[in-house]
Each structure stands twice: as C-alpha cells, then as structure tokens.
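Since we're looking at a predicted model, the values are computed, not measured.
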Amino acid sequence: MTEQLEAGTVTQQVKENGALGAPGGEVGKARRRKEDARLVTGRTQWTDNIQLPGLLHVAFLRSPMAHARITRVDTSPARTRPGVVAVFSGQDFAGEQGSLPCAWPVTPDTVIPDHPPMAVSEVRYVGEAVACVIATDRYKAADALEAIEIDYEPLEPVLDMNEALAEGSPKVHETGNESFTWKFAGGDIEAAFREAPVVIDRTYVQQRLIPSAMEPRAVVAQTDGDSFTLHTSTQIPHVLRVMLALTTGIPEHKLRVIAPDVGGGFGSKLQVTAEEVLCLLITRRLGKPVKWTEARSEGNLTVHHGRDQIQHIRVAADADGRVRGVQVKLLADMGAYLMLVTPGVPILGAFMYNGIYKMDAYDFTCTGVFTTKMPTDAYRGAGRPEATFAIERVMDELAAEIGVDPMEIRRRNWIRHHEFPYTTICGLTYDSGNYEAATDRALALFGYDKLRAEQSDRREREDPVQLGIGISTYTEMCGLAPSRVLGSLSYAAGGWEHADVRVLPTGKVEVVTGTSPHGQGHETAWSQIVADSLGVPFEDVAVLHGDTASSHKGMDTYGSRSLAVGGIAVVHACDKVKEKARQVAAHLMEASPDDVEFSEGRFRVRGTGTSQTIQEIALATFAAHNLPDGFEPRLDASATFDPESFSFPHGTHLCAVEVDTETGATAIRSYVAVDDVGNVVNPLIVEGQVHGGIAQGIAQALFEEAVYDSDGNLLTTTMADYLLPSAADLPSFTTDRTETPATTNPLGVKGVGEAGTIASTPAVVNAIVDALRPHGVHDVRMPCTPERVWRTLRSVEGESA
Amino acid sequence: MARISVEVDGIAYEDEVEPRLLLVHYLRDRLGKTGTPIGCDTTNCGACTVLLDGRSVKSCSVLAVQVDGCDITTIEGVSSDGVWHPVQKAFHEEHALQCGYCTPGMVLASIDLLKDDPDPSEEAVRQGLEGNLCRCTGYCNIVRAVRRAAQEMRVTTP
C-alpha cells in the first residue's frame, strides 16, 4: 500500500478479507454481486417489460409553449383514430387530479403553487402535459396525439432568476416569482468581515443539469376495481405510496406500489410524477391496465432537472489565510413548480458551505425563484455538490490572493484529526475524520510535487499547453437523516429506515428492507451484513425490496442513506433474532441464557462442548414442540432505526488537467481520489460508487448543461444535444481509501453514493483555473467546454491589452 | 404489412410487421425479448445493441423489415447451454455494471469489438465503446472487464 503508483492507472484496492468481521468474515469482502446474474443475461424486470392482457398504452401531448393560457381544447379528432380507446385533457381530470405534492416547504410562508398533474388552464414550461391518448399500442397512441387541437394564448416566459426578481417582471404565478427566502447564521458575521485583511468575493453559476438515468421512466397501472397496483421506475416506492394515496384519494391500503428493476435514478426518480398520478387516474376511469413509457426526448423535458443556482460567496480571512467567516447569498431556480423536495435541495447545501474548515462566523441566505422551466429537484448530491464547489473554488482563490499553495491554505484551516468530534459553525457535529491522512495518501498517489514542478517548467517555457492542478478536500452530510432534524427543517417526513429479518424453517434467511436499490447492490451488501451477524452462509440470505406488499415500511433510497440508515436497521433486526434464538438454544441445551454464547452461527454453552447451530434452532422453533414457556414460536424480528446524526464521509481528490491555450481544449491527465467512507462492507461496490460519482461530477465540470432558448424552449432534448460522457471522454481514475470509522453507528460506516460527485466538480474546475491563472483567469463558467475556455482566455487578454 | 422471416437467438420466426416497426420494438413487444432495453430515441445510448449477422447494431435504428432473412443475437442468446459468455463473466467479475440497464448493449458491443481486436488497449476499448453510454460506472470497470474477457478468450481460443 505504500508504493508510489503511476498516475492514470487504476488501482485495485480490493481486500479479500474483512475489516470488521473475523478472518473470512463477509463484511469487508469484495463479494461479486448477486444482482448481476439477471442483469448480464437479460432476465430483467424493467417496468416497460411488463405485458398484461388488454394492456393499453398512454401517450402524452405536451406543451410547446413555455408560458401560455390554454384557450381551447378539442380532443374529438383524436378519438376516432384507429386503436384509440380514450382521449383526455386537463379539464377531464380537473375534479380529481389534485396537486402534485411538495413535502418540503422550507419556511412557513413558502409559496407552493397549485401543480395539476395535467395542465388545465395555463402551462408554465415546455413539456408540461396537456392531454393524453390511450390506445391499443404505443405507435397508435403516439399517432393520435397529432390530431388533438389546442389553442394557446402566449404569455411572457420567465427564464433568468435575477430578471425574475426584478420589479415589473412577468409573473410565473400570480403570487409572484419568489417562493421563499431562507436564512441561517452562526457566529458574528459582521465582526468576521470588519477590518478583515483579506476579503474574497465571487459569484459562481451552477448550471442546470439533466440527471439522465439510463432507464427512461415507465409506469404500469392496473386495478381490479377495488385496489390498485402501480409498477413504476422509482427510487421511492414507499414514499410514493403515501403521497399517491394523499393526492388521488385512493386509500393507502388499496394501493400497492412496486419498483421492479430500476435502471438508475441519481435523484431523478425521487419524485411523485404527473405521469404516475395520471396513469392511476386513467386505469381507475377505464378499468383496464395502462402503460406509459417515456421517450428520452420526452424525459429530458420532463424529468426534474438538477442544480441551477447562482452562488454569491464572500470569504473574510486573516493575512495568513485563516478563514474568519463565510457569507453566501444563493439564488435557486425552482422551475415552474415546487415538486417533492424542490425547495429543500439548496437548504441541504446550506450546512456545507463551511466544508471541512474552521471559522468564526457563517451567514447564509437562499431565495427560491420561479421560472418557466422544468422544476428542479434532487440530483446526485442535492445541494452539497453546489456548496462544496463554492467553498473549494473560493479556497483556491484565497490561496492565490495570499500567495500560498492551495493545499497549504486548506491545511491552515481544516479540522485536525485530533479535534474530532468537532461541532462546526453550522452546528453539525462531525463525528470522525482524518483529513491529513487522506490528503497525504492522495498527494503520494498523485505525485503532487513532481506535477507542480512540471507546471512551473511549462509556465516558464510558455508552453501553449499548460498544466493545472485542482484540489478538492471535501466532506458532505449524508445518511439522511435524523427525523428530529428533518422536522426542524420543516420536512414532512422522518428519516428512519426499517428492516425485517425472517428466519425460515431450514435456516435460510429473508431480509426485507425499506431501502429501494436501483444499482447500488443492496442484495449483496445486506447479505454480507446478515451472514456475519447470524453466522449463516452468504448464499443463504435473500433480500426483498421495492414492493410495498412485501416491504410494507420504508423511506427508500437517496441521500447516501441506504447503508448508514437501512443497513443499521438490518443489524438491529439481526440482533433481535439472535436474542430470541439464544432463548431457544438455552432451553434446548438446558442452560441459562446467560451461559450461552454465540459466534459463527453456533450457540455454545460456556465451558462445555454442547452447542446448537442457528439452523437447528430455526427448525426447532418452526416445529415449536419444545420451546420455553410462553415463547412465541418465531425468530423473526423487525427494527426501525432512526439515526442520531448524519454521516460525514470525506476525502481528497486531485486532478491534473492539460489546457491548450490556443484551442481551449482540456484533457484530464490524471485523477486521484482518496475517500474515507468509514468502514466498508463491500470494497468492490464502494469503488464502483466512487467511479460513477467522479464521472458525473466531471461531466458537470466539462460537458453537461440543460440549455433553454430565449422563448423557453429546451434545446438539449436529446442525448445528441445533451453531452453525457462516453468511455472515450473520461480517463481512468486512481482510487484509494482511508478508513476512519463513523462513531454514530455500530458498523462504523458512512455514505458513499454521492461523495464522488460532490468532490470531483471543483477538483476539475480548480485545475483548469489553476492552469490559466498566470494568464489572469480567475474563473471559467461550467461546463468548461473548449469554447468557454477559449473565450475566457480571449476576454482576459482583451482586458489586459 | 410486410412479411419477415428472422432467426432470433436460435429460434426461427415468421411475422407480419408494419413497415415502420423498429427492430427493438419487434424484439421487445412482439417476441418478448425484453432483455434488450431502450435508453434513448436518437441512437446515442447503445442500450439496445444486438448482433445482426454477427455485427453489432443499435436495434432502435433498424426497421424490423430490414432484418428479413437475418440472424439476430440478443443478450438472451449470448450464453450457451447456461454457460455465460466470457464477456458476461468478466462484467460480473470486474463489477462493470451497477443498475445494469446499459449492460446488454455493452456486452454485445464488446463482443463485436473483440472480434475486430482480440487484444485491445485501454484506449481502444474506450474508443470502441464510444457509442454505448453508461451513467453508473464511470466506465473504469467496463474497460477492465472487456480487457479481462479478451484475455480469457485468447487463452481459450488460441
């Protein structure tokens, strides 16, 4: 582990034995995934795969206008088209469709406009559903859409947040364009800035992104006339069931929601969508099963977008670079409506603008702004990538201002490892971490000093291809979340997670989890946890999830919460199982339960050779012929775990970028990530999460942007226009870990799902700015395309000339 | 309607199809070959890749009528006698999939790539799979998997 590794290669940091369990223990082992068998052979259960007798297909007609009044609708020409069963417009659903829910009004006076699933009288973004056709096949449904006649009276679009807040702006809603202003402060910010020797003042733009899970959304709704079943490509079957019951009036116990195989989410499927509500209403009306499958170009318009914030950040520092205070004024684009957690996303970032640094004061204000665009909502990291970008970018600016290496400025300000647990200026207590260790490891893998030397050399030679080094020493808050904290932030629900562990007569184990994986490998990781806890073979554990009929209770998967919250619920349920089994074992072996110890699947009477396996106890409990008096004949147990704190993974990411000053082209030469996500259940899965996260963060830095024109039309409606990186666009990453166990849960684990994305965007942009700083460049707006880099260089050259 | 005869994963089919029917919809909706998923509508993502007479094609950019008389292999026909193809095995071993939605297309595009270049460099794999998008893995493990499969295939078929 100490050898210098070549940058640009991928290290295989996979332990064959566990960090936590005994030798041979499952936890910590690079188990290959149980999920893979069906996925590599095509025996998958995507929602669109579902075929049912009499299945009808739904197609939606969508608004071509960003903002308009609907003045006339005539669906009758579409009704006579071949294969068409029904045609509906918003007026047809007006009495029953309700309003799509927002579960996070961040202030008491947050304006939550009515959000009909199908527009009735006014449209407020291009793509909003205005009518639908239900036909016998998907082609016929699509054909008939063109026969629907709708007249619009155009209204002014509202596209720019600053203009939206200006006096006299056209209004998205009658109430105006401001949804809320949320404030948060710690310490005396005025004192921090008063006579501060150094003040850095910057504005950064977090461009709008399209999450782009590979599986487009799909919904299949059916009813037997009494109850309803909804298959949907969602991250949140449990939350969805509650919210759909509240929205449609279908009683919760008459509604079953199933998330079958789900092809990625990244937050985009953490939503209660118009299409889910409408498919339920359609099947209720027609009494036939219906399916809707999104086209990608439809999805780019109507899957909620991410980011889209303007960040004004000011930092006050002492002459030696010690940070005194940070002040943030944030504008967050809500889009046209508030969806499930739209207003909460920037607020999740509010607690992260201090990053890993100590400071005397912090002041944060966020205004949520309505525009005539697709609503924004959670996208991988949700608020924390934006915050981390701002603080990590501005730390580089501070370093440049006082003339020290950007790593040195971080060392002078970060929380030292002996200072944990540390309560930050935001009031969060970071339980554990070791920024020094992760950084030292990253610097060694990266060859930092050598690259700095090469950079000086290229600068001296005035090489047209300059080298930049970008640093991101991030932390983030995840493992969402302590219910009381969510309550104090006005979120409508809690943040607990549930697990049931069922021991079958033969000693096989079923685990029912309230988490809802869509690529994260819970079936494998949960099996490892249970195998270690109960001492049963990994292969003997099955994990059930994603169906509210089998998994009745859960808060689902987002916010890097599944292991740190849901995994702990599994641990607690296993503990209860073992305690019950101990009672049975003691009874069968005629010993006191206090004298019975358990290890590796076997109960032993201390000091004797007598023992029983957990499988034997399972069978004896099933037979129930000889159990302790009053013992309920089952070993099954449930646990609902509410975390006491967030989880705070951290790490150091280093990126070397070559920037061609003549063409603006950039190329990542090496990327090193050393993450500390606490103890690790499966290093293979963790490494995969880090890889994917880094790729998505790089994509924000270099490639992706949802672009609207001045009329409010989305220009990036397809994968030809919205640039998702391919294998050819990305380098290999060098990844490694340090392991500082979390102290707030029994596994010592921290979340990993979003860390890579949170860390990598500023690392890349810092590298590009670092390469160009001698040219007078202090920022390049994302995505840093060759054209943007080139124009930035030309504009500063123009200024200096 | 047009009449087509086509062999898919070793089974012969004869069907009447609308001239505009996409091959991928024919496979999924008519034959129940749902192992082949659809990820986009502009032939960018490659999720629907199948082998058409042994060469990889995006089945969303082929009409069903065009495959009359052809032999199609989907992800469901890649294993033989229950034994996974070396590319399938390598994807599993190297953790080259997370949600798995792009995997059928990645596997079939990789099989075709390895036909042309049995010992591809990392760069050759990255360029060769440019037409197949993955949102989960960051591609590192996919590249490893393809090169691992290449090695195994060279050993087993000298």
Which answer fits [X], side chain, backbone, both or neither, if we ask what part of it has an atom under 4.5 Å from a heavy atom of chain B?
X: A:Pro725; result: both
X: A:Ile685; result: both
X: A:Leu730; result: both

### Task
Could you tell me which portion of B:Thr137 (side chain, backbone, both or neither) has an atom closer than 4.5 angstrom to a non-hydrogen atom of chain A?
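Backbone only.
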
Using a cut-off of under 4.5 Å for heavy-atom pairs, which of [options] has the most such pairs with chain A?
options: B:His92, B:Glu130, B:Glu76; result: B:His92
options: B:Cys99, B:Cys40, B:Gly35; result: B:Cys99
options: B:Gly46, B:Gly128, B:Gly100; result: B:Gly100

### Query
Of all heavy-atom pairs between A:Asp137 and A:His57, which one has the smallest distance, and what is that distance?
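Shortest heavy-atom contact: CA-CD2, 3.6 Å.
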
#### Entry: Closest non-hydrogen atom pair between A:Thr47 and A:Lys291, with its separation
O-CD, 4.3 Å

If we define contacts as heavy-atom pairs under 4.5 Å, which of [options] has the most with chain B?
options: A:Glu35, A:Arg138, A:Arg43; result: A:Arg138
options: A:Pro211, A:Pro517, A:Ala213; result: A:Pro211
options: A:Gly519, A:Ala695, A:Pro731; result: A:Gly519
options: A:Gln51, A:Gln520, A:Glu294, A:Glu298; result: A:Gln51
options: A:Gly264, A:Gly693, A:Ser297; result: A:Ser297
options: A:Ile694, A:Ile698, A:Asn300, A:Asp48; result: A:Asp48

### Proximal to chain A - members of residues 7-28 of chain B, heavy-atom separation under 4.5 Å
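Listed by number, the contacting residues are B:Arg20, B:Leu21, B:Leu22, B:His25, B:Arg28.
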
### Task
Begin with the C-alpha distance, continue with both residues' side-chain angles, and end with the deciding distance and a verdict on side-chain contact (heavy atoms from CB on, under 4.5 Å) for B:Leu114 and B:Val146.
CA-CA 8 Å; B:Leu114 293 177; B:Val146 175; 4.0 Å; yes

Short N-O contact, [X] and [Y], less than 4.0 angstrom:
X: B:Asp41; Y: A:Arg296; value: no
X: B:Glu152; Y: B:Arg148; value: no
X: B:Glu93; Y: A:Arg32; value: yes

### Task
Could you walk me through whether A:Ser233 and A:Trp46 pass side-chain contact (heavy atoms from CB on, under 4.5 Å), step by step?
CA-CA 8 Å; A:Ser233 179; A:Trp46 312 115; over 6 Å; no

### Query
Just by modelled atom types, is the B:Ile38 backbone N or O under 3.5 Å from a matching donor or acceptor in the B:Tyr101 side chain?
yes

### Query
Between A:Glu215 and A:Val262, is there a donor-acceptor pair closer than 3.5 Å when you use the side chain of the first and the backbone of the second?
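No; zero donor-acceptor contacts below 3.5 Å.
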
### Query
Quick check, are the ring centers of A:Tyr671 and A:His653 under 6.0 angstrom apart?
yes

### Message
Exactly one of A:Gln45, A:Arg38, A:His518 should register a side-chain hydrogen bond (donor to acceptor under 3.5 Å, both in side chains) with A:Asp261. Which one does?
### Response
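In the set A:Gln45, A:Arg38, A:His518, the residue that makes a side-chain hydrogen bond (donor to acceptor under 3.5 Å, both in side chains) with A:Asp261 is A:Arg38.
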
### Task
Please lay out, stage by stage, how A:Leu270 and A:Tyr379 fare under the test side-chain contact (heavy atoms from CB on, under 4.5 Å).
CA-CA 9 Å; A:Leu270 163 53; A:Tyr379 171 54; over 6 Å; no

